[in-house]
Amino acid sequence: MRKSVVAAALVSALGVTALSACGSEDSGLAGKSAEEIKDETVAAMRSAKSMTLDFQQTGAAATAMKLSVTKGGECTGTVTTQGATAEIRRVGGTSYMKPDTKFWEQNAGSPEQAQLIEATVGDRWVEMGAGQDDFASFCDLDTILKDMDDEDKGGKGNKKDTTEKGDEGEVRGTPTITLIAKEDGETTRVHIATEGEPYILKMDIEDGDEPGTAEFSDFNEKVDVTAPADAVNLNELGG
């Protein structure tokens, strides 16, 4: 599994990541230029300690994620890809997953290997061993923010910023302004709150190879993650 496509789209298209609005006072953001909006969003989002990401990717590689993520690298939630679902936890620098039967059938390599793993693991969690932890990059908000900072610093002056300001709208009852970026046949629309802080509430990825929608909520809320007591180490399964 590769890095979160949501994070990748934000980094490559806009150089910002996502938060949620707080407060109810009009910030005047809608009257500013696309560059000013983007800069204010980047500045505002750096104070976030946590967020919940609810992402639906359509197309051939259908994927759904709902993860609560912290800047400390912890997360909890579920990931579904092509009908196979796994519960996810990451805490203390270690990732754990609890897959369903279909996940093992898709990823074990053979039906016999899938049956063997299921028989060994049962209903327990699996600890991701060294070299097998594919969740670290999108369970760590600090990593996403670092990628955003690197793109923002490296991109200025090296390529033309094609981000445009779109229409005003509303997401979950909060007024928004839209930023639109087009690159490599893909259009990304980012809906930013114009009440309170200029945080992103929703992102739509249209066309391209990985269309989808992401919504962001529960910012700066406490995320409780505990390591499973009976986890099986994936390395010990020969995975």
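Worth saying up front: this structure is predicted, and the values here are computed from it rather than measured.
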Legend entry - Distance, nearest 0.5 Å, that separates CH2 of W125 from CG of N233: 15.5 Å
Inset, instruction - Check the pair M128, M97 against side-chain contact (heavy atoms from CB on, under 4.5 Å), reporting the backbone distance first and the verdict last. - result: CA-CA 8 Å; M128 306 297 286; M97 67 175 179; 3.8 Å; yes
Legend entry - Nearest-0.5 Å distance, CD of residue E170 to CG of residue L201: 10.5 Å
Legend entry - Atom pair CG/OG1 of L29 and T176 - distance to nearest 0.5 Å: 10.0 Å
Inset, instruction - Could you tell me whether a side-chain N or O of N220 sits under 3.5 Å from a main-chain N or O of K49, the two making a donor and an acceptor? - result: yes
Inset, instruction - Could you tell me whether a side-chain N or O of T70 sits under 3.5 Å from a main-chain N or O of S50, the two making a donor and an acceptor? - result: no
Inset, instruction - Would you give the length of the straight line joining atom CZ of R189 to atom CG of D167, rounded to the nearest 0.5 angstrom? - result: 8.5 Å
Legend entry - OG1 on T188 to CG on D204, rounded to 0.5 Å: 9.0 Å
Inset, instruction - Please answer whether the main-chain N or O of E186 pairs with a side-chain N or O of D184 as donor and acceptor at a distance below 3.5 Å. - result: no
Inset, instruction - State plainly whether one hydrophobic cluster holds both F219 and V69, where clusters connect Ile, Leu, Val, Met, Phe, Trp and Tyr through side-chain heavy atoms under 4.5 angstrom apart. - result: yes
Inset, instruction - First locate atom CD of E74, then atom CG of L67, and finally report the distance between them rounded to the nearest 0.5 Å. - result: 13.5 Å
Inset, instruction - State whether R172 and E215 are salt-bridged, where the test is any N-O pair (Lys NZ or Arg NE/NH1/NH2 against Asp/Glu carboxylate O) under 4.0 Å. - result: yes
Legend entry - Close side-chain approach of I37 to K165, heavy-atom, < 4.5 Å: yes
Legend entry - Side chain S33, main chain E36, donor-acceptor under 3.5 Å: yes
Inset, instruction - Answer with yes or no whether the hydrophobic clustering places I88 together with V121; edges join I, L, V, M, F, W, Y residues whose side-chain heavy atoms lie under 4.5 Å apart. - result: yes
Inset, instruction - Identify, with sequence neighbours excluded, every residue that meets side chain to side chain contact (heavy atoms under 4.5 Å, CB included) alongside D207. - result: T187
Inset, instruction - Give a yes-or-no answer on whether the side chains of T52 and S68 include a donor-acceptor pair shorter than 3.5 Å. - result: yes
Legend entry - In one Ile/Leu/Val/Met/Phe/Trp/Tyr side-chain cluster, 4.5 Å: L116, F103: no
Legend entry - Any donor-acceptor pair under 3.5 Å from R89 side chain to T226 backbone: yes
Inset, instruction - Examine F55 and F216 and state if one hydrophobic cluster contains both, with Ile, Leu, Val, Met, Phe, Trp and Tyr joined whenever side-chain heavy atoms are less than 4.5 Å apart. - result: yes
Inset, instruction - Not counting sequence neighbours, list each pair that qualifies as a salt bridge (charged side-chain N to carboxylate O under 4.0 Å, His left out) and has a residue in residues 97-125. - result: K98-D123
